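Some notes on the structure that comes next.
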Amino acid sequence: MTNLFATQDKVVSFKNGGLKSEILEKFAFEKAYCKKNHQSTIWTYYNYSGVRMEFADKKSQVRTINELWKSQGFKFYKQTNKPEMAKAIGARSVIGHVFKNEAKNESNSSSATEPLSTMMGYMNAGNEVVTWEINW
């Protein structure tokens with residue numbers, strides 16, 4: 001698989017467009033925020049209704065997000081590690097938590113592929129959503 005992070009300067013659009021450099025700046029800001037607040041992990045996910053990337057910095061927020069996905073029929077499916085992305089953003093690790101909805105398929109769902117997962121080098125299927133756990 002081609003490393004999309006290395007070959008693509010533009011990321012498909014977050015809200016009003018988004019360059020890879022802007023996203024990396026956001027990660028740098030979040031890393032500084034974490035260090036200032038003595039925490040080592042943030043979770044990144046894509047808010048489909050808001051059409052934007054969002055960050056959760058507390059486990060309780062992540063539980064709320066996961067409960068929302070479960071209420072929509074998504075179940076935990078697998079975990080994917082992305083060491084090349086961790087290196088690119090200066091993190092210890094980047095882990096994708098993939099949730100899948102077996103009731104959805106190509107004919108009854110819109111694509112849930114979002115630009116953050118693409119940037120991370122993971123092309124999620126139309127019946128998947130991903131929460132990215134970033135450990136600094």
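Since this is a predicted model, take the numbers as computed values, not measurements.
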Shared ILVMFWY cluster between Phe76 and Val129, side chains joined below 4.5 angstrom?
yes
State plainly whether one hydrophobic cluster holds both Ile95 and Val98, where clusters connect Ile, Leu, Val, Met, Phe, Trp and Tyr through side-chain heavy atoms under 4.5 angstrom apart.
no
Taking only residues two or more places apart in sequence or in another chain, which ones pass salt bridge (Lys or Arg N to Asp or Glu O under 4.0 Å) with Glu102?
none
Only counting residues at least two apart or in another chain, list the ones meeting salt bridge (Lys or Arg N to Asp or Glu O under 4.0 Å) with Lys70.
Glu67
Starting at [atom1] of [X], measure out to [atom2] of [Y] and round the result to the nearest 0.5 Å.
X	Y	atom1	atom2	answer
Glu30	Ile89	CD	CD1	10.5 Å
Arg63	Lys58	CZ	NZ	12.0 Å
Phe55	Trp132	CZ	CH2	13.0 Å

Member of Tyr77, Trp69, Tyr45 meeting the ring-ring contact (aromatic ring centres under 6.0 Å, His included) criterion with Phe99
Trp69
Could you walk me through whether His97 and Val130 pass the side-chain contact (heavy atoms from CB on, under 4.5 Å) check?
CA-CA 5 Å; His97 302 278; Val130 184; 5.8 Å; no
Any side-chain heavy atom of [X] within less than 4.5 Å of one from [Y]?
X	Y	answer
Thr44	Thr131	no
Val94	Met120	yes
Trp136	Ile42	yes

Between Asn101 and Lys75 (side chain of the first, backbone of the second, donor and acceptor by atom type, cut-off under 3.5 Å), is there such a pair?
no
Should Trp43 and Thr41 be marked as a side-chain contact (heavy atoms from CB on, under 4.5 Å) after you check the CA-CA gap, both sets of side-chain angles, and the distance that decides it?
CA-CA 7 Å; Trp43 295 266; Thr41 305; 3.5 Å; yes
Closest contact, heavy atoms only, Tyr122 versus Lys82
CB-CE, 4.2 Å
Would you tell me whether Ser40 and Asn135 have side-chain atoms, one donor and one acceptor, within less than 3.5 Å of each other?
no
